[in-house]
Amino acid sequence: MTASIVGWAHTPFGKFDAETVESLVVKVATDALADAGMSAEDVDEIVLGHFNAGFSPQDFTASLVLQADPKLRFKPATRVENACATGSAAVHQGIRAIASGAARIVLVVGVEQMTRTPSADIGRYLLKASYLPEDGDTVGGFAGVFGKIAQSYFQKYGDQSDALAMIAAKNHKNGVANPYAQMRKDFGFEFCRAESEKNPYVAGPLKRTDCSLVSDGAAALVLTDSETAKTMGKAVNFRATAHAQDFLPMSKRDILQFEGCTVAWQRALAQAGVQLSDLSFVETHDCFTVAELIEYEAMGLTPRGQGARAIKEGWTQKDGKLPVNPSGGLKAKGHPIGATGVSMHVMTAMQLVGQAPEGMQLNNPKLAGIFNMGGAAVANYVSVLEPAK
């Protein structure tokens, strides 16, 4: 690969009434350039990941990045969107600009502000990432879509409520050490497993602790070519990237397979010349706990229908053979749609250069994978990263 990450920034994720899409964008754009030791003049291209779908009244947001510095004026700036994988779509677009020779330095920003939206509208806006002719009337919004997926999985492979609760408990425990996480509380398995007033069923077998959080937040990366990266203070190289887009209607595929996820992982690992077992850790898209469970199978960690083994046997814990979501994942960190994929790359880059927060940092990770998903395994992006040699 020709691209490297040489700087980053990340706001906390949460509910921020005093912030706007613009203020969040400006903050991370400014901080990422400072982190890279670069001036706005150095930037050749800007890519903004912003889902929106109605969350913000301000659409046409690419030029908001220019508000960070007058020297960004007249730079090419484009907004990209691919549902919940919008952030990774922006990252991959920036990599393409560098690979093509069109840019040497690219500023990538991901942002979303969701919490100002009324609850009923949140569900309606998120459903826009599904196939409306089939799913538009789903009760519970996107949680309802994944509730159906969980129900179908349970019917085929047996009740997996224990495994889902273990995934939720793992990610919440990991999130305690992440200062950027929206929810920094170790709930434990028993709370996540039991239905209660504070943990009611939301959709199908999914409880509140099985669902990622509605969030505000932003993250940013500075990308450059690998030769330039060698002169920088720190650098994380892209060993591989892959994107596999699947059919939007779930009726046209086996939704329990997450086949687009499998294809993206296979392509990325082949391009990188490695196997899944070579990875030190993975940040994966746990919008719902059942998604992480199926992703274990789709990435090849377990055979189909046996994803529960990975969590029950401790494989995906921080001290397991393949730690998954040491950041706390979307489950604890929050899920501001457009920012999520960029955030996953920031969290991974921090780990690989030994700059993750205390308690979150893994022991000397050498190679990492990222899986970011849009819709119900429709937009599937994988990145494989390693520290610059």
Side-chain angles (χ1 to χ4, degrees), residues 4-14 28 31-32 34-37 87-88 91 110 166-188 217-222 229 232-239 274 276-286 292 301 310-311 314-335 339-372 382-389:
S4 304
I5 301 169
V6 295
W8 52 76
H10 200 296
T11 69
F13 286 176
V28 293
D31 290 352
D35 185 59
S88 286
V91 173
M166 292 176 78
I167 289 170
K170 167 184 69 73
N171 290 347
H172 278 297
K173 183 178 180 180
N174 290 350
V176 171
N178 185 352
Y180 303 101
Q182 182 170 352
M183 190 173 287
R184 300 178 66 190
K185 185 174 182 179
D186 184 357
F187 287 101
L221 298 169
V222 178
M232 307 298 290
K234 62 184 178 185
V236 174
N237 294 341
F238 283 88
R239 182 84 170 255
V274 300
L276 189 71
S277 58
D278 294 318
L279 301 182
S280 303
F281 70 96
V282 165
E283 286 285 337
T284 202
H285 192 100
D286 60 321
E292 181 168 327
L301 188 56
I311 186 68
W315 302 356
T316 58
Q317 298 286 353
K318 283 174 68 174
D319 60 353
K321 68 178 185 180
L322 184 65
V324 174
N325 288 332
S327 70
L330 286 57
K331 181 76 267 293
K333 182 158 55 77
H335 185 22
T340 288
V342 183
S343 166
M344 296 169 96
H345 285 80
V346 171
M347 293 293 149
T348 300
M350 284 180 174
Q351 287 279 6
L352 290 172
V353 297
Q355 293 184 5
E358 184 178 356
M360 192 177 113
Q361 178 68 53
L362 299 172
N363 183 27
N364 198 29
K366 297 294 187 184
L367 193 66
I370 296 166
F371 173 67
N372 185 201
V382 171
S383 298
V384 178
L385 278 68
E386 62 184 352
K389 300 294 191 291

With no hydrogens and no angle check, just 3.5 Å: does a side-chain donor-acceptor pair link Asn174 and Gln317? no
Of the non-hydrogen atoms in Pro326 and Leu362, which two are nearest, and what is the gap between them? CG-CD1, 4.1 Å
When you measure from the side chain of Ser280 to the backbone of Ala368, do you find a donor-acceptor pair of N or O atoms at a distance under 3.5 Å? no
Could you check, using the six-membered ring where one of them is a Trp, whether His172 and Phe187 have ring centers closer than 6.0 angstrom? yes
Would Val222 and Ile5 satisfy side-chain contact (heavy atoms from CB on, under 4.5 Å), going step by step from the backbone distance to the final call? CA-CA 6 Å; Val222 178; Ile5 301 169; over 6 Å; no
For Asn178 and Pro357, indicate whether the former's side chain and the latter's backbone hold a donor-acceptor pair under 3.5 Å. no
Just by modelled atom types, is the Ala339 backbone N or O under 3.5 Å from a matching donor or acceptor in the Ser343 side chain? no
Side-chain contact, heavy-atom cut-off 4.5 Å: Phe371 with Asp286? no
So does Asp35 pair up with Lys234, basic N to acidic O under 4.0 Å? yes
Scanning both residues in full, the closest heavy-atom pair of Thr340 with His335 reads OG1-ND1, 2.6 Å
Residues which pass ring pair (Phe, Tyr, Trp, His ring centres under 6.0 Å) with His10, listed by chain and number, not counting sequence neighbours: Phe13, Tyr180
Rounded to the nearest 0.5 Å, what's the gap from OG on Ser327 to CE on Met344? Could you check? 7.5 Å
Looking at every non-hydrogen atom in both residues, tell me the closest pair between Ala36 and Gly7 and how far apart they are. CB-CA, 3.9 Å
Is there a side-chain contact (heavy atoms from CB on, under 4.5 Å) between Glu292 and Asn171? Walk through the geometry before answering. CA-CA 11 Å; Glu292 181 168 327; Asn171 290 347; 2.9 Å; yes
Side-chain donor or acceptor of Ser88 paired with backbone N/O of Asn372 under 3.5 Å: no
Let me see the working for Thr316 and Leu301 under side-chain contact (heavy atoms from CB on, under 4.5 Å), right down to the final yes or no. CA-CA 10 Å; Thr316 58; Leu301 188 56; 3.8 Å; yes
Using 30° and 60° as the class limits, which term best fits the ring planes of His345 and Phe238: parallel, tilted or perpendicular? tilted
With the threshold set at 4.0 Å, does a side-chain nitrogen-carboxylate oxygen contact exist between Lys333 and Glu283? no
Whether Gln351 side chain and Met360 backbone form a donor-acceptor pair below 3.5 Å: yes
Closest approach of Ala181 to Gly175 (non-hydrogen atoms, all atoms of both residues): CB-O, 3.8 Å
Look up atom OG1 in Thr284 and atom CG in Asn325, then write down how far apart they are to the nearest 0.5 Å. 6.5 Å
Do you know the tightest heavy-atom contact between Arg239 and Glu386? NH1-OE1, 2.9 Å
Measure the spacing between CG of Leu322 and CZ of Phe281 and express it to the nearest 0.5 Å. 10.0 Å
Contacts of Lys318 meeting salt bridge (Lys or Arg N to Asp or Glu O under 4.0 Å) (sequence neighbours excluded), chain-then-number -> none
State which residue, out of Ile370, Leu367, Asn237, fulfils the side chain to side chain contact (heavy atoms under 4.5 Å, CB included) condition with Leu385. Ile370
